[in-house]
Amino acid sequence: MLCHICFALRVISACVVFRFVSGNVTYTGILSPDCVTQYHRIYVSRRVPPRTYLYFHEALSSDQLAEDREDNRDENLSVDVQYRIVGGTQVSIKEVPYQVLYGLYCGGTLIAPEWVITAAHCKTRETFVLAGSTQRSLATKYSICAHFIHPLWNTTNLHSHDFDYQLVLLEVPVPITPNSRPIAIGNIEDIREGEFVAVSGWGHTKYKQRVMQDIVRRVRVPIMSRDMCQSLPLNNYKTITPRMFCAGFLNGTKDSCQGDSGGPAVLNGKLLGLVSFGVGCAMKDQPGVYSNIPLVRGWIRYTTGLPL
């Protein structure tokens with residue numbers, strides 16, 4: 001009988017090399033001894049343990065959730081554009097406890113204690129994530145077991161960043177504290193023109209300057225209609241796919257930037273998008289483009305075994 005899912009484990013020294021075949025897609029990686037138990041649960045027994053923690057939006061009071069929606073929608077306010085996230089402010093990690101750093105130069109989002117989602121274009125060479133601290137330099141390092149790039153990443157010939165999704169399995173779960181808490185995934189219908197998403201990260205202070213921020217920052221930018229985005233002058237926007245949405249101000253005062261890639265775009269305490277690409281940072285008629293997360297809930301559920 002043919003199996004839809006096949007796997008193989010091979011011991012090398014103290015680690016296990018795995019091959020996981022799902023349909024026509026093969027995932028490979030190296031599991032440390034601490035990862036084998038998780039691997040067995042997810043891909044062999046397919047056992048889904050009950051969730052024993054609160055998601056970010058569940059841990060917020062109604063007043064906190066209302067405060068989290070504040071967006072200062074006056075796009076004509078004077079903004080000092082030397083800061084990236086552009087036009088944003090420094091925040092405590094308690095305000096964005098789902099935020100992690102994937103390696104040293106990309107963002108990521110905690111969706112379960114042992115799972116992080118980030119961008120496929122951030123690649124698979126990173127061996128750790130940093131979590132649990134407002135200051136990047138003080139965050140705790142968590143080793144990565146394996147990477148799972150979306151099987152359709154950059155294969156559709158529609159756009160170079162199509163299906164820009166990557167799931168990362170951690171060696172040990174990140175503890176649930178006020179400084180580190182998973183976030184739930186929002187709904188497709190939440191991605192509406194005019195809604196302000198909160199984007200966070202430790203990105204660069206200037207475009208193309210190779211210096212990351214040490215304090216996490218957050219900015220709120222409005223979701224743009226697909227028609228508006230595709231009408232912008234640059235060709236990068238004319239070919240955006242249903243896996244993408246644009247967010248930003250046409251006058252370019254606020255934006256994400258280098259080093260924020262793979263980081264979260266959040267509405268009502270739930271994850272809607274990941275920073276995928278932009279053309280420059282906070283430039284006129286050049287909004288940020290975000291990967292649509294609710295659209296691939298099924299792939300995330302299937303890959304992680306999480307009851308999303």
Side-chain angles (χ1 to χ4, degrees), residues 25 85 96 98-103 105-112 115-124 126 129 147-168 182-193 195-201 203 219-226 229-230 232 236-248 255-267 270-279 281 286-304 306 308:
V25 181
I85 283 177
V96 289
Y98 45 81
Q99 173 81 53
V100 304
L101 198 66
Y102 171 64
Y105 303 108
C106 271
T109 307
L110 198 66
I111 60 170
W115 284 101
V116 166
I117 191 166
T118 185
H121 80 261
C122 289
K123 301 183 179 179
T124 60
E126 305 299 346
V129 302
H147 308 260
F148 299 85
I149 296 285
H150 194 285
L152 295 178
W153 157 243
N154 203 14
T155 62
T156 65
N157 296 320
L158 298 175
H159 195 288
S160 62
H161 279 62
D162 205 5
F163 289 96
D164 195 7
Y165 309 102
Q166 176 181 182
L167 288 162
V168 174
I183 190 170
I185 295 172
N187 299 311
I188 293 176
E189 55 267 25
D190 294 333
I191 302 176
R192 298 189 299 271
E193 179 184 4
E195 291 283 2
F196 275 65
V197 289
V199 186
S200 52
V219 69
R220 290 184 171 88
V221 289
I223 296 174
M224 188 176 293
S225 72
R226 179 169 298 275
C229 189
Q230 291 181 321
L232 295 174
N236 304 65
Y237 299 109
K238 298 185 186 306
T239 56
I240 62 169
T241 74
R243 273 74 61 185
M244 308 169 184
F245 66 89
C246 298
D255 198 4
S256 52
C257 198
Q258 281 75 28
D260 297 321
S261 287
V266 172
L267 175 68
K270 295 183 180 181
L271 182 65
L272 291 190
L274 299 180
V275 179
S276 182
F277 74 92
V279 184
C281 303
Q286 295 177 24
V289 180
Y290 299 81
S291 298
N292 184 324
I293 296 301
L295 199 63
V296 291
R297 185 192 305 272
W299 172 73
I300 297 170
R301 181 189 294 122
Y302 184 79
T303 304
T304 63
L306 296 172
L308 301 173

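Between Leu271 and Ile117 the shortest side-chain heavy-atom distance falls below 4.5 Å. A heavy-atom distance below 4.5 Å is found between the side chains of Ile293 and Ile300. Glu195 places none of its side-chain heavy atoms less than 4.5 Å from the side chain of Leu272. Ile240 places a side-chain heavy atom less than 4.5 Å from the side chain of Cys246.
Taking the ring-ring contact (aromatic ring centres under 6.0 Å, His included) definition, one finds that Phe245 meets it with Tyr290, sequence neighbours left out. With sequence neighbours excluded, the residues satisfying ring-ring contact (aromatic ring centres under 6.0 Å, His included) with His159 are Phe277.
Note that the CD1 atom of Ile191 and the CG atom of Asn292 stand 3.5 Å from one another [nearest 0.5 Å]. If you take CD1 on Ile185 and CG on Leu308, they are separated by 5.0 Å, rounding to the nearest 0.5 Å. In this structure, Ile188 CD1 and Arg297 CZ are separated by 8.0 Å, a value rounded to the nearest 0.5 Å. We find the CG-CG distance between Asn187 and Leu267 to be 10.5 Å, quoted to the nearest 0.5 Å. Taken from OH in Tyr105 to NZ in Lys123, the straight-line distance is 14.0 Å, to the nearest 0.5 Å. With rounding to the nearest 0.5 Å, the separation of CD in Gln99 from OG1 in Thr109 is 6.0 Å.
Remark: side-chain polar atoms of His150 are not paired, donor with acceptor, to backbone N or O of Phe163 under 3.5 angstrom. A donor-acceptor pair is defined here as one N or O able to donate and one able to accept, closer than 3.5 Å; no such pair exists between the side chain of Arg243 and the backbone of His161. Ser291 places a side-chain N or O within donor-acceptor distance of the main-chain N or O of Asp164, the cut-off being under 3.5 Å. When atom types are taken as modelled, the side chain of His121 and the backbone of Ser160 share no donor-acceptor pair closer than 3.5 angstrom. In terms of modelled atom types and a separation under 3.5 Å, the side chain of Lys270 and the main chain of Ile183 share no donor-acceptor contact.
Residues Leu232 and Met224 approach most closely at CD1-SD, 4.2 Å, considering heavy atoms. Across all non-hydrogen atoms, the minimal contact from Lys238 to Gln230 is CG-O, 3.5 Å. Here the shortest heavy-atom pairing between Val275 and Ala119 reads O-CB, 4.2 Å. Taking all atoms of both residues into account, the shortest heavy-atom contact from Tyr237 to Cys229 is CB-O, 3.2 Å. Minimum interatomic distance between Ser261 and Thr118 (heavy atoms only, all atoms of both residues): O-OG1, 4.5 Å. Closest non-hydrogen pair, Ser200 versus Tyr98, comes out as OG-CE1, 4.3 Å.
Close placement of the Phe148 and Trp115 rings is indicated, their centers lying within 6.0 Å of each other.
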Worksheet item: Going through the checks in order, is the side chain to side chain contact (heavy atoms under 4.5 Å, CB included) test met by Asp162 and Leu152?
Response: CA-CA 8 Å; Asp162 205 5; Leu152 295 178; over 6 Å; no
Fill in: Worked verdict on Ile223 versus Arg192 for side chain to side chain contact (heavy atoms under 4.5 Å, CB included)
CA-CA 7 Å; Ile223 296 174; Arg192 298 189 299 271; 5.9 Å; no
Practice prompt. List the steps and the verdict of side chain to side chain contact (heavy atoms under 4.5 Å, CB included) for Leu110 and Val129.
Written response: CA-CA 10 Å; Leu110 198 66; Val129 302; over 6 Å; no
Item to complete: With side chain to side chain contact (heavy atoms under 4.5 Å, CB included) as the test, would you mind laying out the steps for Val221 and Val197 before giving the verdict?
Response: CA-CA 6 Å; Val221 289; Val197 289; 3.9 Å; yes
